[in-house]
Structures are given as structure tokens and as C-alpha cells.
Amino acid sequence: MHRVTDNLRRTWRRLQRRFLLRQLSRQRPETLRALSRRRLEQCFARAATGSPAYGTLLREAGLNTHPMKAEAILRDAPLLDKGNTFGRFPLQALMIEGTPPQTLGGILTSSGHGGDRFAFGLTTHRQMATGPDAIDLGLQMAFGVDDHSTLLVNCLPMGVVFNSRTVCVANVSVREDMALAIIRQASPLFDQVILCTDPLFLKRLLDHAAEQGFDWSQVRLQAILGEETFSEDFRSYAGARLGIDPDTPEGPMIGSSMGVGELGLNLFFETRETIAARRALHRRQPLHPPPFFFCYNPLRTLVEIHAPDDNGNGELVVTVLDPQATIPLIRYRTGDTARWPRAEDFSDLPCPVAEALQHGPLPMIALQGRAKDRIGSGWRVDHFKSLLYRDPRVADCVSGAFRVDPQAQQWEVQVRSGLATPSPAEVADRLQALVHAEAVDRQRPPPRVRCYPHEDFPYGMGLDYERKFTYLPRA
């Protein structure tokens, strides 16, 4: 009897997902944005009257806590960030008043990447009960998990776990030996494996697998990369090691997802079409790191590009439209730079792909990366993320960790653990040649390259992989 009931539930959930995705495919971005603004008004009214901290911020901005129209909210409501919310108010003041602690089911911290201050996302038991449905909907849209038995190996750090009613989840955190053991032993039970990790840990996993002589071709694997941006050179490198061709439209995918700890996971995500657009832009301008083209669901997230410059690049500002949010954050600065996509971004794509991007139901942003990752003399952290993986033979020799010192004009790189040959000096010479070639083409002064043996790298990389790596000295 229990088996029959479980089968009925699974079938019902599959039908629900199929219906929701069909309905979504018939929408237009303009229609969804209009609904998004109506939800903004409801979330604002709840935050203004229910969160003591937000009420204080409104009064300080000269606004009252009465309901406002979306246009007025987007024009006048204060911009929030980690400093003026979590850095100023206790959690009790940020929360909706009267939230019983017994209703809270989980707390997720931000990475603390910007310093010692953390932000927090609070989830109720009710939200946790519905969370798997949202995860499964995204997994079906990207990977067809309703039609293929799936093992998801979650290697994200900081206590980020997934719950699903459709796929088998292994939450192993940042243990490459555990992750590889599970993939090696359990993958034959499933049609496909989805690996969820960050780029630095994926590099460690690839190196560990190579040391163990593991053959990735025996696994039908796809990957979701989060936590930080990566280059198309890295996607090509990882694809070659995993046996995935990122340029095969219907093949396995190495995609990116972006979340913010205090706002939610998977707020923005790549599709096969947006990946094709980014790779086409990379081929057209290999010396200019392209933006990520991310889709988002405007029924869940309202997005603004605040104070854009002449090129359209501005601050990414996000409001999560959750009517049950314990900590409502209206117009929250993520610290990223983004713009709206332009028609020329898709000019080098085959017509069916360009059509799908320009006429798809979900709106997109072009994410340029962290605002703090820009360096003088025209360099950005993303330039070095590209150069590190431009030559796969050089990439095999490094761990993926580096530090750029703008004052000393030096790029300091950690070589792989246990690397006997080539020497760190030889790896530095090969990277210096890549840096010099790009500097000449871009007419910019090249930084010096210094490579350290793994154990001598002076920037905290033993590496525990629990926190986002800092590529620049802290201000």
C-alpha cells in the first residue's frame, strides 16, 4: 500500500512540474515582470509594517510605512546591503515581528567573503517542506531528472545542502575522496550524475581523480558550478578532463548557478542557450572576459541594474519576492556588477539559439562579476582566471589558487600538491609568456609571475575550500 501511495505521489509531482514548465514556456518576460512588480508591492507592505529594522530604514529615508506603488518603491525605497542591515541590526529587528523561534527550520550564512561580517538567511519549517519542489523543478528544466534516474553529488561548502523528492542526493561538502568514492561506486546505479561544486574544488577533484587513475568517461556526468565566477577557458579545461564538450548543444552541460546566502540559492542560472552565447562572445573577443548570461524567474526575483554607466553596467540589486520571508530584504545590493543583455551579444549565434534567447519566457542579466574584482591598468581578476587555464598543460600544474598584488604588479600562483616536474620556476615562465602575449595585445603593462610550491603558498591555501578564496589583498 505504501509503495502504491509513493508511486502516486511521484507521478503527481511529475505532472505538476510538466504543467508548470508548459505554462512557463507560454509566457513573455514583459508579462512576468508586470506580475513581479505587483508582488514587490505586497512584499514591501509586509516588510514596512512587520520588520522593525526596515521600518527604521524607511523613516530615516523620509518615507512612511504605508503601502507604495512599485514605481515609487523602485525610485525611493532605500538600497540595502550587508552593512546597513546585518551589520547594524540584530536578527530580531530584521525579522518579521512575532515569528516564533519554533517555526524556524534552518539558518544559512553568507560566505563572509567581504570581511568578518556575516549575513544570514533564515528558513521556516514550512519553507523547508516546499523547498524540494522548487529544486526538483529546476533540475527537471535543466537536466530532465523526471526521465533519468539521477545522483546529485553536492560538494558545496558552508553547510549548503539540498533536499529533493526526485533525485538521490549525496551531501559530501569539500571532501574530494568522499566525492570520488561515491561517484565511482554509486554512479552505475543511475542514468546520470550531477556534480554541484565550485570551480576551485572541481579543480581539486579533477586532480585527485587523475592521481587515482579514475576514468570519467564511464560516468554520464553533468555539472553545476557556483560560489564564484569562472572563465570559458576553465569551462573548456574542465570539460576536456570530464569528457564533456561544452559546445555540443544537446550534450552534457557544465553550467553555472548564482545565489546569495541571505537571499536564496539558484537565483540566477545558465541554460544551454546562454552558455552558447557566452562561448560565442569569448571566441569573438578572447582577450575580454565575457559576462555570464543568467536567466532568472521574475515571479521569484525582482532585479534592478542601479546607476548604470555609459556602457549599461551598474550595481545588481535584488528583491526576493517571497511573501513568507522571515527576513524581508527589499532592494538588496549583492556587490556584483551587471547590465541588461544587448542584441549584439547574440549576433554570432545560430539562428535557432538566438531566437530562443531573444524570445524565451525568462528575462536575463549579463553579470560582469564582483565590483571589487577590478584592478588598475585595465586588468580584472577574470583575466587571470582565463590565463590560468588557457594552456591545459600549464593548468594541469597548478591548484587554481592565486593572488594578484596590484601594488607590486605581481601574480602569485600556487602549483599542484605533489608536483615534481616541471618546477615552480618553469610553470612561472610558461604563465609569464601567456601574460606577456595578452599584455602586448591589450597594450597594458604585464605583471610579474611568481609560482610557489603548494606547501609554501602564503595565502591560506592548505586549502580547506570552506570559504571563498580571496584573489586580491583586502582593502
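Source: prediction; values computed, not measured.
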Quick one: salt bridge (charged side-chain N to carboxylate O under 4.0 Å, His left out) pairs with a partner in residues 343-357, sequence neighbours left out?
Arg284-Asp348, Arg339-Asp345, Arg342-Glu344
Begin with the C-alpha distance, continue with both residues' side-chain angles, and end with the deciding distance and a verdict on salt bridge (Lys or Arg N to Asp or Glu O under 4.0 Å) for Glu71 and Arg38.
CA-CA 10 Å; Glu71 291 74 13; Arg38 270 179 256 162; over 6 Å; no
Within-4.5 Å side-chain heavy-atom neighbours: Pro473 and Pro406
yes
One pair to check against side chain to side chain contact (heavy atoms under 4.5 Å, CB included): Leu156 and Cys196. What are the steps and the verdict?
CA-CA 7 Å; Leu156 291 176; Cys196 188; 3.7 Å; yes
Rounded distance (nearest 0.5 Å) linking atom CG of Leu195 with atom CG of Leu151:
9.5 Å
Parallel, tilted or perpendicular for Tyr459 and Tyr452, by the 30°/60° rule?
perpendicular
Taking the side chain as C-beta and beyond, is there a heavy-atom pair between Phe143 and Leu152 under 4.5 Å?
no
So Cys295 and Ile365, do their side chains get closer than 4.5 Å, heavy atoms only?
no
Are any of the side-chain heavy atoms of Leu316 and Met258 separated by less than 4.5 Å?
yes
State whether Glu438 and Arg390 are salt-bridged, where the test is any N-O pair (Lys NZ or Arg NE/NH1/NH2 against Asp/Glu carboxylate O) under 4.0 Å.
yes
Strictly by modelled atom types, are Gln127 and Gln324 linked by a side-chain donor-acceptor pair under 3.5 Å?
no
Work out which heavy atom in Arg28 is nearest to a heavy atom in Gly360; give both atom names and the distance.
NH1-O, 3.6 Å
For the student: nearest non-hydrogen atoms of Met364 and Thr274, plus distance:
SD-CG2, 3.7 Å
List the steps and the verdict of side chain to side chain contact (heavy atoms under 4.5 Å, CB included) for Thr56 and Phe89.
CA-CA 10 Å; Thr56 297; Phe89 297 101; 4.3 Å; yes
Side chain of Trp379, backbone of Val404: donor and acceptor closer than 3.5 Å?
no
Treating Thr99 as the side-chain partner and Ile96 as the backbone partner, does any N or O pair qualify as donor plus acceptor under 3.5 Å?
yes
side-chain hydrogen bond (donor to acceptor under 3.5 Å, both in side chains) between Asp405 and Gln410, intermediate numbers included:
CA-CA 5 Å; Asp405 186 340; Gln410 185 161 274; over 6 Å; no
I need the Ser25 OG to Leu362 CG distance, nearest 0.5 Å.
10.0 Å
Is a side-chain donor or acceptor of Thr123 paired with a backbone partner of Gly105 at a separation under 3.5 angstrom?
no
To the nearest 0.5 angstrom, please state how far the CD1 atom of Ile194 sits from the CG atom of Leu139.
5.0 Å
Using a 3.5 Å distance criterion without hydrogens, assess whether the side chain of Lys203 forms a donor-acceptor pair with backbone atoms of Val398.
yes
Under a 3.5 Å distance rule, please check whether Arg331 uses its side chain to pair with a backbone N or O of Leu80 as donor and acceptor.
no
Answer yes or no: is there a donor N or O on one side and an acceptor on the other, between the side chain of Ser36 and the main chain of Leu32, under 3.5 Å?
no
Going by an N to O cut-off under 4.0 Å, is there a salt bridge joining Arg403 and Glu412?
no
Considering the options Phe201, Tyr389, Phe292, Tyr237, which one meets the ring-ring contact (aromatic ring centres under 6.0 Å, His included) requirement together with Phe230?
Phe292
Could you grab the distance from atom CZ of Arg235 to atom CE of Met253, nearest 0.5 Å is fine?
9.0 Å
Between Tyr471 and Glu228, do the side chains contain an N or O donor and an N or O acceptor separated by less than 3.5 Å?
yes
I need the minimum non-hydrogen distance between Gly226 and Pro199, along with the two atoms involved.
O-CD, 3.3 Å
Is there a side-chain contact between Leu302 and Val318 in this structure, where contact means two heavy atoms from C-beta onward sitting under 4.5 Å apart?
no
Donor-acceptor under 3.5 Å (Thr124 side chain, Thr103 main chain)
no
Can you tell me if Glu262 uses its side chain to pair, donor with acceptor, with the backbone of Leu329 under 3.5 Å?
no
Whether Asp247 and Arg272 form a salt bridge (side-chain N of Lys/Arg under 4.0 Å from carboxylate O of Asp/Glu) is what I want to check.
no
Salt bridge or not between Glu270 and Arg278? Use side-chain N to carboxylate O under 4.0 Å.
no
Test side-chain hydrogen bond (donor to acceptor under 3.5 Å, both in side chains) on Arg39 and Thr319 and set out the steps.
CA-CA 10 Å; Arg39 292 192 178 187; Thr319 303; over 6 Å; no
Do the side-chain N and O atoms of Thr334 and Asp336 include a donor-acceptor pair separated by under 3.5 angstrom?
yes
Can you find a side-chain donor-acceptor pair between Asp382 and Thr229 that sits under 3.5 Å?
yes
Here the pair of heavy atoms bringing Asp76 nearest to Met68 is CB-CE, 4.4 Å
Would Asp322 and Arg300 pass as an ion pair if we require N to O under 4.0 Å?
no
I'd like to check Val413 versus Leu431 (side-chain heavy atoms, cut-off strictly below 4.5 Å). Are they in contact?
yes
Trp340 and Val303: CA distance, side-chain angles, deciding distance, side chain to side chain contact (heavy atoms under 4.5 Å, CB included) verdict:
CA-CA 10 Å; Trp340 300 113; Val303 174; 4.0 Å; yes
Answer whether the closest heavy-atom distance between the side chains of Phe402 and Phe469 falls below 4.5 Å.
no
Using ring centroids (six-membered ring only for Trp), state whether Phe293 and Phe346 fall under 6.0 Å.
yes
Distance (rounded to the nearest 0.5 Å) between Asp133 CG and Asn163 CG
11.0 Å
Please tell me if the side chains of Val174 and Cys155 come closer than 4.5 Å, counting only heavy atoms from C-beta onward.
no
To the nearest 0.5 Å, tell me how far Ile275 CD1 sits from Ile254 CD1.
8.5 Å
Yes or no on side chain to side chain contact (heavy atoms under 4.5 Å, CB included) for Leu91 and Phe86, after CA distance, side-chain angles and deciding distance?
CA-CA 7 Å; Leu91 282 180; Phe86 297 95; 4.1 Å; yes
Any residue meeting salt bridge (Lys or Arg N to Asp or Glu O under 4.0 Å) with Asp136, in chain and number order, not counting sequence neighbours:
none
Can you name the nearest heavy-atom pair linking Pro52 to Arg59, along with the distance?
O-NH2, 4.5 Å
His454 (side chain) donor-acceptor with Val415 (main chain) under 3.5 angstrom:
no
Shortest non-hydrogen separation from Ala338 to Ile305 and the atoms involved:
O-CG2, 3.4 Å
For the backbone of Val160 and the side chain of Asn154, can you confirm whether one donor and one acceptor N or O come within less than 3.5 Å of each other?
yes
